[in-house]
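Each chain gets a letter, A, B and so on, in the order the sequences are listed, and its residues count up from 1. We use all heavy atoms of the structure for the numbers below, so side chains are in, but hydrogens, waters and symmetry mates are not.
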Amino acid sequence: MSGGGGCSIVWFRRDLRVEDNPALAAGVRAGAVVAVFIYAPEEEGQYYPGRVSRWWLKNSLAHLDSSLRSLGTPLITKRSTDSVSSLLDVVKSTGATQLFFNHLYDPLSLIRDHRAKEVLTAQGITVRSFNSDLLYEPWDVNDANGQPFTTFSAFWERCLSMPYDPQAPLLPPKRIIPGDVSRCQGDTLVFEDESEKASNALLARAWSPGWSNADKALTAFINGPLIEYAKNRRKADSATTSFLSPHLHFGEVSVKKVFHLVRIKQVLWANEGNQAGEESVNLFLKSIGLREYSRYISFNHPYSHERPLLGHLKFFPWVINESHFKAWRQGRTGYPLVDAGMRELWATGWLHDRIRVVVSSFFVKVLQLPWRWGMKYFWDTLLDADLESDALGWQYISGTLPDGREFDRIDNPQFEGYKFDPNGEYVRRWLPELSRLPTEWIHHPWNAPESVLQAAGIELGSNYPLPIVGIDAAKARLQEALIQMWQLEAASRAAIENGVEEGLGDSTELAPIAFPEDIQMEESHEPVRNNPPVGPRRYEDQMVPSMTSSLVRVEEEEASSDLRNLAEESRAEVPTNATAQQNARETVNQGVLQNVNRNTQVQHNNTTAWLRNAAEDSTAESSSSTRRERDGGVVPVWSPPSSSYAEPFVDDESGIGASSSYLQNHPQSHRLMNWTRLPQTG
DNA sequence: ACTACTTTCCC
DNA sequence: GGAAAGTAG
């Protein structure tokens, strides 16, 4: 089984660890191993990783390589634009007969991995894949009727009360027999260009990528801040968070291991009667659960990163306002908590979860910018950028999840400021221009008496902006926009009844992965166009500007003092007329955007079926009872909930929902109902 | 132990 | 905004 031919390829992706790595364990068990990482960022389309994310990946791979070498084999890295053909190259040059990898659940990976499986199997290669990223595979977690959950709390409750525990973590292999890679050409991967190196150098001071560092971070958290997690979680300061998210994103630490270790603490604290500790554990596990849920949603609704799950906002006239978008990015909105957060993000690639909610909620509700812009900015700037988690977060904020926030409720950053940063320390750290402002005014400088401002050296509108949109104005504007939305919706319904729209949905065919064309075009590094063309369009409101290249990072230490002087071209001052623009809403007529790509849906249905089927051989047998009835292993994995849930998920990938829009059937949907209270089956 | 208030927390 | 939990009477 080992030696020359017959070795196995272990294909590393976002599972950059040697501990509790089922694919690696299977490879080791089968004999000689060729460990491979293929870097093909172009496959990600517009989700080409941002600078900080690439920096992390680079370091994590180096770390993995040295671990693998000490176990007996190097990590072969390949630069590619087509992962599957690179895999074939590796097969040919090593004589491998088996391929092992761990599952991913984002839509791109689902399709690519399916193709890998098909193509390699056709070449006579044995391909096996495993769960290493989740406590439970998405298809194993269903409600009493065997349907996927559509709200988080029900989902998580079920996860915590599954009839079988998540698999226990595997130990790292003691030794790896190397496959013959003498004829296998590796590539040196380049993750940063010259202009990025200086900014990246600073990241190393705060972060240590790599699986064994992840393990240390986990231990440190569990033995330290975890017990106070419940108490500290409302602070803007991130010192007491776990800092595990980037490690988790790249699979440097196994969620199953996190879960097991945390549960051990929970039992311990429960026995001691330590209520606060137990509470902390529950809350921390919930955040792990949210990560699970993001994969669950992505798997069951593979378009959730680019399309709202609920369609009730389909006609919402998002405000296409480049200068507001820029002010938000630069941390110059005039709301101290928002601005502090955005500057921290800019400077460090990191943001406490609370503050992510604050800045994104401000983005969607006050500025009413299209959420996918914000999501893309997060993608480009966050160290732990994660498509599934970010999509879930932004959809939650936008109120397009069944259990999301009410759309017409605006959070007030001033009040949130006093809640999360009562003494203004966070704001003062990131907004030096406000550092001398007394706490009484720190979260609403626009109300401060002139004398106070003068004493603090603040000149509003000059060295710190006035609010670019007032909260009251935002509320009024939101009401107005909703009215407009209902009108558009009604118009669309009328159009459908008159048959105007018929041909469109069917005649347009998109590429299999169905990034809307206009978004793909946005990949360029040009500045974003200012005036959206008039007329019918698809997803125009969701064009995603790319700003990766314009990001010039600020050194952490300097961030406070020099922020405004740096990167001048990309950080222009907030336009002085910004507030005047607030009424210049440019409405977007999405009237005929009905472009649910049925071809894609069919394809996706087929492609994901393999995952479930494959997993049936390789995952816990005990789960089978929960999943058999409905599908017998034949029906596509993510066929939609067929009950009353199906309809709210307008335009979902379901294939059946494509022609019957929720709005058609429920003209009263403008009441912004709470979807969780829709009649439930059973 | 009951109700009528408050505060808290929602992915 | 509203359920849910906490608290005062």
Handout entry: Length of the OH-P vector between A:Tyr396 and B:dC10, whole Å
Key = 7 Å
Handout entry: Protein-nucleotide distance (A:Asn412, atom CG; C:dG1, atom C1'), rounded to Å
Key = 16 Å
Practice task
I would like to know whether A:Ile222 and A:Val262 meet side chain to side chain contact (heavy atoms under 4.5 Å, CB included); could you show each step before the answer?
Solution key: CA-CA 7 Å; A:Ile222 288 180; A:Val262 168; 3.8 Å; yes
Exercise for the section: For A:Asp390, answer base if it contacts any base atom (sugar-phosphate contacts may also be present), sugar-phosphate if it contacts only those atoms, and nothing otherwise; contact means non-hydrogen atoms under 4.0 Å. Expected result: nothing
Practice task
Take atom CZ of A:Arg291 and atom P of B:dC11, then tell me their distance rounded to the nearest Å.
Solution key: 19 Å
Practice task
Would you kindly give the CG-to-P distance between A:Leu283 and B:dT8, to the nearest whole Å?
Solution key: 15 Å
Exercise for the section: Round to the nearest Å and state the distance from A:Phe149 atom CZ to B:dC11 atom P. Expected result: 15 Å
Practice task
Measure from CE on A:Met375 to P on B:dC11 and round the result to the nearest Å.
Solution key: 20 Å
Practice task
Would you tell me if any nitrogen or oxygen in the side chain of A:Lys286 comes within less than 4.0 Å of OP1 or OP2 on B:dC10?
Solution key: yes
Practice task
Over all heavy atoms of both residues, which pair between A:Ala481 and A:Gln368 is shortest? Give the atoms and the distance, please.
Solution key: CB-OE1, 4.1 Å
Handout entry: Over-ring placement of A:Arg356 relative to A:Trp350, 6.0 Å and 45° cut-offs
Key = yes
Practice task
Ignoring hydrogens and angles, tell me if any N or O in the side chain of A:Tyr377 forms a donor-acceptor pair with the backbone of A:Trp328 under 3.5 Å.
Solution key: no
Handout entry: Atom-pair distance (CZ on A:Arg354; C1' on B:dC11), nearest Å
Key = 10 Å
Problem - Whole angstrom value for the distance that separates C1' of B:dC10 from CH2 of A:Trp156 - result: 17 Å
